[in-house]
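The block underneath contains the structure these notes are about, expressed in structure tokens.
All figures in this text were calculated on a predicted structure; none of them were measured in a lab. The first residue in the sequence is number 1, and the count goes up from there.
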Amino acid sequence: MYRSILLAAFVYGLLLTGLIALRGEFIALAIPFMLYLLYGFWSAPEEMDLRIERSLSNDRTTPDSEVVVTITVINQGSDIEELFLEDNIPPNLTVRIGSPRHLLWLPKGSSHTFTYTVIGPRGSYPFETISVAAVDLFGVNRHEQFIRAKDRLFIFPEFRRLKHVSIRPRRTRVYAGSIPARVGGSGTEFFGVREYQFGDSPRTINWRVSARHDENLYSNEYQQERVADVGLVLDARTRANLLHHNQSIFESSVTAIAALSDAFLNQGNRVGLLVYGNYLGWTLPGYGKIQRERIMQALAHAEIGVSSVFAGLEHLSPRMFPPESQIVLVSSLVNDDLNVLVQLRGRGYQVLVISPDPVKFELGFLPPSSQVNLAARVIRMERDLLIHRLERAGIHVIEWDVSIPLDQAVGPVLMRQRRVL
């Protein structure tokens with residue numbers, strides 16, 4: 001459009017100059033440009049009638065995995081001599097192979113397909129529109145348009161599965177599972193001895209105890225195993241995650257939450273998620289594959305935000321985290337967190353903290369020196385004191401060196417049975 005306006009102004013200027021100066025050469029000079037302009041308007045593309053389809057080879061993937069994007073454009077209108085297409089790629093995605101921009105000739109009723117490959121870090125990436133521009137043969141007229149072609153790519157955190165996570169909350173649900181329920185019934189762990197009841201299997205009779213009584217038989221009773229409510233809390237506060245030159249331990253925390261949610265859901269538990277950062281990101285508790293998808297999508301969206309302490313965390317909604325259920329917090333911890341976590345423990349929650357070690361993480365980016373070592377020793381002493389005070393309050397803290405995969409570093413510890421009062 002700008003080219004046609006400039007060309008028309010130039011032709012008008014030549015004609016006006018020729019008429020005012022009575023110089024025929026100016027008018028003669030304007031004639032070729034006038035013909036060029038008239039032919040451009042005559043051959044200008046009509047309103048575009050395009051149908052564009054976009055497809056992704058995989059709409060759920062892991063960081064740095066290649067995803068092939070296929071674009072198909074179908075011309076349902078008149079011939080387009082020069083068509084420029086550009087897929088508007090979300091930020092943070094990188095084109096690995098091919099190009100999202102194409103220039104082509106597209107006759108009426110024809111179609112064209114092209115592909116390109118992208119990769120990216122963890123996140124949720126919406127594809128919204130495709131920019132198209134039709135230009136005539138001489139480039140005089142240009143029609144631009146944005147065509148909606150919605151898609152969304154989820155890049156979930158990559159993790160190694162945990163075999164089993166042992167927890168002992170005070171309250172369990174009614175469904176059978178793998179968590180001891182402190183209630184007698186069918187199970188595998190011995191719970192006590194009671195009088196024989198009609199319908200008990202002969203295999204449960206405790207003959208040694210029964211031999212001491214002349215009239216009654218006694219049966220072994222086992223502890224029932226059920227599922228439980230598990231609330232996962234991801235610490236997304238800036239002060240707990242940004243450590244050195246914008247290097248963050250947050251991605252390790254996200255990976256840990258992904259592995260824990262997968263393990264708890266595989267054990268049949270009802271799992272909810274709270275992302276605590278710039279805002280409270282709630283994922284209501286649920287079961288199974290659908291809940292796993294919800295949690296993974298929430299983790300794909302999770303970002304670091306500004307929040308000083310766990311303000312209000314001691315007032316958790318019973319709908320989100322029922323009383324006496326299990327809470328698992330993944331956080332590098334700061335000193336201000338002590339009181340809030342102790343209050344949660346006082347309300348009857350069983351609290352497990354998996355704490356990525358910020359001291360070892362930051363030391364990996366600092367040059368060795370006596371000052372650095374001295375500072376690390378001081379911070380380590382403060383951290384050890386905080387963890388000791390949490391342990392005295394009945395909160396189990398597991399430190400994690402993030403240079404070692406979670407399943408190797410803390411997996412064996414998580415599998416051990418730990419009796420909680």
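- For the residue pair Ser253 / Asp235, no side-chain donor-acceptor distance below 3.5 Å is found, with atom types taken as modelled.
- By the 4.5 Å heavy-atom criterion applied to side chains, Ile398 and Val353 are not counted as neighbours.
- Between Arg161 and Asp407, the shortest heavy-atom distance links the atoms O-CB, 4.1 Å.
- Between the Thr129 side chain and the Phe146 main chain, no donor and acceptor come within less than 3.5 Å of each other.
- Residues Gly77 and Lys108 come closest through the heavy atom pair O-CG, 2.6 Å.
- Although no hydrogens or angles enter the test, the distance criterion places no donor-acceptor pair under 3.5 Å between the side chain of Asp337 and the main chain of Leu333.
- Salt-bridge check for Asp357 with Arg380: passed, with a basic side-chain N closer than 4.0 Å to an acidic carboxylate O.
- Ser110 and Asn75 share no donor-acceptor pair across their side chains, judged by distance under 3.5 Å alone.
- In this structure a side-chain-to-backbone donor-acceptor pair under 3.5 Å is present from Asn58 to Arg60.
- With respect to Arg152 and Asp59, no salt bridge is recorded, no charged nitrogen being found less than 4.0 Å from a carboxylate O.
- A 4.5 Å side-chain heavy-atom check between Arg237 and Ile304 finds every atom pair outside the cut-off.
- Put simply, CZ on Arg101 and CD on Glu86 are 4.5 Å apart, with the number rounded to the nearest 0.5 Å.
- Annotation for Gly120 and Tyr125: closest pair C-OH, 4.5 Å, computed over non-hydrogen atoms.
- Under a 4.0 Å N-O distance rule, the pair Asp336/Arg239 qualifies as a salt bridge.
- Put simply, the side chain of Val73 does not reach to within 4.5 Å of the side chain of Arg51, judged on heavy atoms.
- Annotation for Pro100 and Ile89: closest pair CG-CD1, 3.5 Å, computed over non-hydrogen atoms.
- Under 4.0 Å is where a charged nitrogen must lie from a carboxylate oxygen, and between Asp87 and Arg54 at least one such pair does.
- Put simply, CG on Leu406 and CH2 on Trp400 are 5.0 Å apart, with the number rounded to the nearest 0.5 Å.
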Does the side-chain contact (heavy atoms from CB on, under 4.5 Å) test come out yes or no for Leu260 and Val165, once each step is laid out?
-> CA-CA 8 Å; Leu260 289 167; Val165 179; 4.2 Å; yes
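- Side chain of Ser261 to backbone of Ile257: a donor-acceptor contact under 3.5 angstrom is found.
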Could you please spell out the steps behind the side-chain contact (heavy atoms from CB on, under 4.5 Å) verdict for Val410 and Leu162?
-> CA-CA 10 Å; Val410 303; Leu162 299 171; 5.7 Å; no
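- The number of heavy atoms from other shown groups lying within 6.0 Å of CD (Gln76) is above 12.
- Checked by atom type and distance alone, the side chain of Asp229 never pairs as donor or acceptor with a backbone atom of Phe321 at under 3.5 Å.
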Assess whether side-chain contact (heavy atoms from CB on, under 4.5 Å) is satisfied between Leu385 and Met381, documenting all intermediate values.
-> CA-CA 6 Å; Leu385 178 60; Met381 292 175 61; over 6 Å; no
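- Looking at Gln291, its side chain does come within 3.5 Å of a backbone N or O of Val271 through a donor-acceptor pair.
- Across all their heavy atoms, Asp151 and Ser55 have their closest contact at OD2-N, 4.3 Å.
- Between Leu274 and Leu232 the shortest side-chain heavy-atom distance does not fall below 4.5 Å.
- In this structure a side-chain-to-backbone donor-acceptor pair under 3.5 Å is missing from Asp262 to Ala258.
- A heavy-atom distance below 4.5 Å is not found between the side chains of Leu85 and Ser131.
- In this structure, Arg345 and Gln350 have side chains that are in contact, with non-hydrogen atoms separated by less than 4.5 Å.
- To the nearest 0.5 Å, atoms CD (Gln297) and CG (Leu273) are separated by 12.0 Å.
- With no hydrogens or angles considered, a side-chain donor-acceptor pair links Asn266 and Arg292 at under 3.5 Å.
- Closest approach of Ile249 and Pro356 over heavy atoms only: CD1-CB, 3.4 Å.
- Atom NZ of Lys289 is separated from atom CG of Leu265 by 12.0 Å, given to the nearest 0.5 angstrom.
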Chi angles and distances behind the side-chain contact (heavy atoms from CB on, under 4.5 Å) call for Ser99, Tyr116 = CA-CA 6 Å; Ser99 173; Tyr116 63 94; 5.8 Å; no
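- Checked by atom type and distance alone, the side chain of Arg383 pairs as donor or acceptor with a backbone atom of Ser332 at under 3.5 Å.
- Residue Glu251 holds its CD atom at 4.0 Å from CZ of Arg122, rounded to the nearest 0.5 Å.
- Listed by chain and number, the residues in a ring-ring contact (aromatic ring centres under 6.0 Å, His included) with Phe154 are Phe156 (sequence neighbours excluded).
- Formation of a donor-acceptor pair under 3.5 Å by the Ser355 side chain with backbone atoms of Ser331 is found in this model.
- No side-chain heavy atom of Thr115 sits less than 4.5 Å from a side-chain heavy atom of Ile71.
- A side-chain N or O of Thr113 and one of Thr72 form a donor-acceptor pair less than 3.5 Å apart.
- A donor-acceptor contact closer than 3.5 angstrom is absent between the side chains of Arg270 and Ser325.
- For the atom pair CD (Gln267) and NE2 (His164), the distance works out to 4.5 Å, reported to the nearest 0.5 Å.
- Side-chain atoms of Ser57 come within 3.5 Å of backbone atoms of Val68 as a donor-acceptor pair (strictly under, hydrogens ignored).
- Side-chain polar atoms of Ser252 and Thr255 form no donor-acceptor pair below 3.5 angstrom.
- Taking 4.0 Å as the cut-off between side-chain N and carboxylate O, Glu391 and Arg389 do not count as a salt-bridged pair.
- For the pair Leu50 and Ile147, the minimum side-chain heavy-atom distance is below 4.5 Å.
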